[in-house]
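Structure first, commentary second.
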Amino acid sequence: QVQLVESGGGLVQAGGSLRLSCAASGRTASSDSRGWFRQAPGKEGGLVAGISWGGGKTLYADSVKGRFTISKDNAKNTVYLQMNSLKPEDTAVYYCAANPSWGSIRRIDEYDYWGQGTQVTVSS
């Protein structure tokens with residue numbers, strides 16, 4: 001079992017920044033990659049950013065490239081999502097998830113552990 005706990009969400013004005021954290025515990029060795037997803041009411045959710053735990057490879061959704069940065073701290077078993085130049089359309093619940101393989105990083109059905117989510121609200 002892997003437990004994921006997100007933190008760092010909140011309310012921010014457009015153009016502002018937030019940093020989300022995802023702390024993992026348990027049998028994390030089975031999870032090669034981590035992803036940040038988001039879901040807003042009435043909108044299609046999806047992968048925002050992903051990172052491979054071993055090699056540090058990253059990928060981003062086109063909508064956040066250049067604004068968001070995913071990173072990790074191996075010693076703390078924590079993944080971060082630095083979000084800059086936030087826009088109202090970034091408003092959503094953000095979820096951290098663990099995937100056993102970098103090769104399936106884009107496949108939501110391949111993620112086997114999920115956090116509880118953290119709300120991000122960007123006001124205009």
Side-chain angles (χ1 to χ4, degrees):
Q1 289 283 343
V2 175
Q3 294 78 43
L4 302 173
V5 179
E6 302 102 331
S7 61
L11 173 64
V12 64
Q13 289 187 330
S17 299
L18 283 174
R19 188 176 81 155
L20 305 182
S21 299
C22 174
S25 60
R27 301 180 63 180
T28 57
S30 63
S31 300
D32 181 66
S33 302
R34 306 281 170 80
W36 282 100
F37 290 79
R38 65 185 179 187
Q39 180 66 58
K43 296 183 179 180
E44 184 176 355
L47 181 68
V48 175
I51 188 166
S52 66
W53 198 251
K57 292 178 287 189
T58 60
L59 63 82
Y60 298 91
D62 288 342
S63 59
V64 306
K65 282 181 181 176
R67 299 188 299 123
F68 290 12
T69 302
I70 189 170
S71 62
K72 61 185 176 71
D73 184 326
N74 290 45
K76 295 182 178 180
N77 215 343
T78 298
V79 173
Y80 304 97
L81 185 66
Q82 178 67 44
M83 306 185 294
N84 299 328
S85 302
L86 283 161
K87 305 175 181 180
E89 51 263 44
D90 294 318
T91 295
V93 177
Y94 284 71
Y95 298 90
C96 173
N99 190 313
S101 171
W102 172 253
S104 58
I105 191 75
R106 296 182 183 276
R107 294 186 56 182
I108 192 170
D109 59 322
E110 293 290 335
Y111 285 79
D112 45 15
Y113 298 103
W114 292 80
Q116 82 286 356
T118 185
Q119 176 71 47
V120 171
T121 303
V122 185
S123 62
S124 58

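The first residue in the sequence is number 1, and the count goes up from there.
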For Q119 and G9, indicate whether the former's side chain and the latter's backbone hold a donor-acceptor pair under 3.5 Å.
no
Look at the side-chain heavy atoms of Ile, Leu, Val, Met, Phe, Trp and Tyr, link any pair under 4.5 Å apart, and say whether Y95 and M83 land in one connected group.
no
G8 and L18: which non-hydrogen atoms are nearest, and at how many Å?
O-CD2, 3.8 Å
Less than 4.5 Å apart, side chain to side chain, heavy atoms only: is that true for V79 and I70?
yes
Tell me if a side-chain donor or acceptor on Q39 pairs with a main-chain N or O of Y94 at a distance below 3.5 Å.
no
For residues 36-91, pull every pair meeting disulfide bond (SG atoms under 2.5 Å apart), keeping only residues two or more places apart or in separate chains.
none
Could you name each residue pair satisfying salt bridge (charged side-chain N to carboxylate O under 4.0 Å, His left out) that touches residues 44-54, not counting sequence neighbours?
none
Sort and list the pairs that fulfil disulfide bond (SG atoms under 2.5 Å apart) and have at least one residue in residues 41-77, not counting sequence neighbours.
none
Kindly indicate, with the supporting measurements, whether the criterion side-chain hydrogen bond (donor to acceptor under 3.5 Å, both in side chains) is fulfilled by Y80 and R19.
CA-CA 7 Å; Y80 304 97; R19 188 176 81 155; 4.7 Å; no
Please lay out, stage by stage, how V122 and V120 fare under the test side-chain contact (heavy atoms from CB on, under 4.5 Å).
CA-CA 7 Å; V122 185; V120 171; 4.2 Å; yes
Side-chain heavy-atom pair L20, T118 within 4.5 angstrom cut-off
yes
Would you call the rings of W114 and F37 parallel, tilted or perpendicular if under 30° counts as parallel and over 60° as perpendicular?
tilted
So, for Y111 and L47, which heavy atoms are closest and what is the spacing to 0.1 Å?
OH-CD1, 3.9 Å
For the pair Y60 (side chain) and G50 (backbone), establish whether a donor and an acceptor sit closer than 3.5 Å, ignoring hydrogens and angles.
no
For the pair S21 (side chain) and E6 (backbone), establish whether a donor and an acceptor sit closer than 3.5 Å, ignoring hydrogens and angles.
no
Can you name the closest pair of heavy atoms from Q116 and V5 and give their distance?
OE1-CA, 3.8 Å
In short, G117 meets V93 closest at the heavy-atom pair CA-CG1, 3.9 Å
Do S17 and Q82 pass the side-chain contact (heavy atoms from CB on, under 4.5 Å) test, and can you show the C-alpha distance, the side-chain angles, and the key distance before you say yes or no?
CA-CA 7 Å; S17 299; Q82 178 67 44; 3.9 Å; yes
Please tell me if the side chains of L59 and R106 come closer than 4.5 Å, counting only heavy atoms from C-beta onward.
yes
F68 ring center within less than 6.0 Å of W36 ring center:
no
With distance as the sole test, does S33 use its side chain to make a donor-acceptor pair with the main-chain N or O of W102 at under 3.5 Å?
yes
Do S52 and D32 get their side chains close enough for a donor-acceptor pair, meaning under 3.5 Å?
no
With sequence neighbours excluded, what pairs up with R67 under the side chain to side chain donor-acceptor pair (under 3.5 Å) test?
D90
Any pair counted as disulfide bond (SG atoms under 2.5 Å apart), so long as it reaches residues 43-124, sequence neighbours left out:
C22-C96
Taking atom types as modelled and ignoring hydrogens, do the side chains of S25 and Q3 form a donor-acceptor contact shorter than 3.5 angstrom?
yes
Salt bridge (charged side-chain N to carboxylate O under 4.0 Å, His left out) partners of residues 71-85, not counting sequence neighbours, each pair once:
none
Minimal heavy-atom distance between S124 and A14, with the atoms involved, is CA-CB, 4.4 Å
